Structures are given as C-alpha cells and as structure tokens.
Amino acid sequence: MECVKVGVKEHWENVYETKSDQEVSWYQDSPITSLSVIKSLQISRHSELIDVGGGNSNLTMDLLVQGFTNLCVLDISANALARSSEKIGKDSKHVEWVVSDVLSYKPLRKFDLWHDRATFHFLTEEEDIKTYANLVKSSVVSGGYFVIATFSSSGPMKCSGLDIVRYSKDSLVERFQEGFELVDSFEEVHATPFNTKQDFIYAIFRRH
Ligand SMILES: C[S@@+](CC[C@H](N)C(=O)[O-])C[C@H]1O[C@@H](n2cnc3c(N)ncnc32)[C@H](O)[C@@H]1O
C-alpha cells in the first residue's frame with residue numbers, strides 16, 4: 001500500500017495553487033548554488049539527474065539550457081510540477097515529471113545525481129528519515145552524487161508552516177554515511193523573495 005500522507009499532499013497542493021513564486025520563502029530566480037555545485041562535479045550532460053521535491057525551482061529549466069538530457073523532477077504536488085512544466089514550455093516534454101511522495105517512490109532506474117534542496121528537512125519522523133536515507137542509497141549509482149541542502153543549525157524551525165529538522169555537517173554525515181562519503185559541505189544564507197534570511201547547509205556526498 002502507498003504511504004502517501006494525505007495532509008502533506010493537500011498542504012503542498014494548496015501552497016502551489018494559492019501562492020506565486022515571489023510569495024514562497026524558498027524561491028530563487030536562479031538556483032546559482034546548486035548549479036555551481038553540479039558544474040563542479042563535471043558530470044556528463046547525459047547523466048541521469050533527479051531533483052527531489054523540485055517544486056517551483058528553476059533548476060531543471062537552467063539544466064536543460066545547459067544541455068542536460070536526462071532530467072527527472074519529483075514532487076508530492078501535481079500543481080508544482082504543472083507550473084514548472086509550463087514555465088519550461090515545449091522542452092518540458094524532455095523531462096520526466098513524477099508526482100509522488102518521495103517516501104513511496106520506487107524508481108525504475110538509478111541516478112548519477114540526486115539533488116534535494118529543502119525537501120528532506122520536512123521529514124521529522126525517524127522512520128521516514130530512515131526510509132529516505134535507504135532510498136537515496138539504493139537509487140544512486142556507485143560513484144554518483146547526492147547533493148542536499150537543508151536548513152542549518154541556525155536556520156528557521158519551520159517552513160511553510162510545517163515543522164522541519166535542522167542539520168549540521170555532522171548530523172547530515174551521520175544520516176547518510178552508510179553508502180556515501182562526504183565530498184564537501186558549506187553554509188549559505190538564502191535571501192527570500194521578501195528579504196528575510198534563511199541559513200542553509202549544503203552537503204555533497206559521493207556514493208561508495
Ligand atoms: C521548500 S520547497 C523547495 C522546492 C525546491 N526544491 C526549491 O529549492 O525551490 C519543498 C518542496 O518539497 C515538496 N515536498 C514536500 N514533502 C514532500 C514529500 N514527502 N515528497 C515529495 N515532495 C515533497 C513540496 O511540494 C515542495 O515543492
């Protein structure tokens with residue numbers, strides 16, 4: 001049986017139905033940090049990439065422009081993916097759009113790069129966190145990358161009215177060390193569209 005939490009899905013469908021890009025704290029006109037991390041990894045343009053909880057991010061649009069050919073975006077909200085697909089226009093047919101709770105996602109292939117900015121930190125139950133960690137481990141090819149950004153130890157305690165879990169470099173390593181080695185990590189202050197600040201931490205892991 002699928003383990004979709006109805007309340008969570010309703011929450012996110014409602015967010016993307018009622019709020020514009022500029023009205024949600026996580027929005028970036030250009031996801032420059034993620035783009036520069038991906039560039040630094042020097043992976044092939046034909047690599048299999050997934051953006052988990054991609055929402056209304058412009059990451060996939062920018063990666064398409066850079067010539068990446070195997071892009072997948074997963075989100076619990078169909079509204080979010082419809083919006084992103086519409087922004088991209090005709091090239092959106094080259095993207096695989098997956099509406100799913102990440103906790104019940106069963107990928108049919110492995111990925112060279114799994115990207116998650118501001119989705120994992122919404123998992124607050126130990127069982128869900130472990131399910132995610134096992135999923136990313138089984139879904140990334142050996143030598144592939146897992147790029148994650150979450151609120152840092154000094155970041156907000158909530159996002160979009162929901163509880164989150166804040167992470168440090170050490171606590172991310174603890175969660176993902178089984179299967180991955182840490183390549184790099186750094187902190188970043190995100191300026192929201194309404195000019196508040198949110199402290200994030202990025203970690204780049206490589207699959208053993
Ligand atoms: C704060 S937004 C971040 C969006 C995007 N990654 C970005 O950086 O702009 C979190 C996203 O995660 C999605 N999400 C939340 N819980 C999820 C889950 N359990 N499975 C899949 N997506 C989820 C939401 O719909 C939302 O689009």
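Along the sequence shown, residues carry numbers from 1. On a predicted model such as this, the values are computed, not experimentally measured, just so you know. Both counts, for ligands and for their atoms, begin at 1 and track the order of listing.
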Look at [atom] and say which protein heavy atom is nearest, naming residue and atom and giving the distance to 0.1 Å.
atom	result
atom 8 (O) of ligand 1	Arg117 NH1, 2.7 Å
atom 12 (O) of ligand 1	Thr119 OG1, 3.1 Å
atom 16 (N) of ligand 1	Trp12 NE1, 3.9 Å
atom 4 (C) of ligand 1	Gly53 O, 3.3 Å
atom 20 (N) of ligand 1	Val102 N, 2.9 Å
atom 10 (C) of ligand 1	Ala118 O, 3.2 Å
atom 25 (O) of ligand 1	Asp75 OD1, 2.5 Å
atom 22 (N) of ligand 1	Ile76 N, 3.2 Å

Self-check item: ligand 1 N/O within reach of Val8 N/O, cut-off under 3.5 Å
Solution: no

Salt bridge or not for [X] and [Y], using N-O below 4.0 Å?
X	Y	value
Arg175	Glu126	yes
Asp199	Arg166	no
Glu96	Arg109	yes

What part of [X], side chain, backbone, both or neither, has a heavy atom within less than 4.0 angstrom of ligand 1?
X	value
Leu74	side chain
Tyr27	neither
Ser25	neither

Give me the ring orientation class for [X] and [Y]: parallel if the planes are under 30° apart, tilted from 30 to 60°, perpendicular past 60°.
X	Y	answer
Phe176	Tyr132	perpendicular
His121	Phe200	tilted
Tyr105	Trp114	tilted
Phe122	Trp12	perpendicular
Tyr202	Phe186	parallel

Judged by non-hydrogen atoms, does [X] sit under 4.0 Å from ligand 1?
X	value
Leu103	no
Ala149	no
Ala80	no

Quiz item: If you measure from atom 9 (O) of ligand 1 to every heavy atom of Trp26, Phe120, Tyr105, Tyr16, which option wins on shortest distance?
Solution: Trp26

Quiz item: Would a distance-only check, ignoring hydrogens and angles, find a side-chain to backbone donor-acceptor pair under 3.5 Å from His11 to Ser160?
Solution: yes

Quiz item: Atoms of ligand 1 less than 4.0 Å from Gly54 heavy atoms?
Solution: 4 (C), 5 (C), 6 (N)

Quiz item: Has Lys130 got more than 12 heavy atoms of other residues, nucleotides or ligands less than 6.0 Å from its NZ?
Solution: no

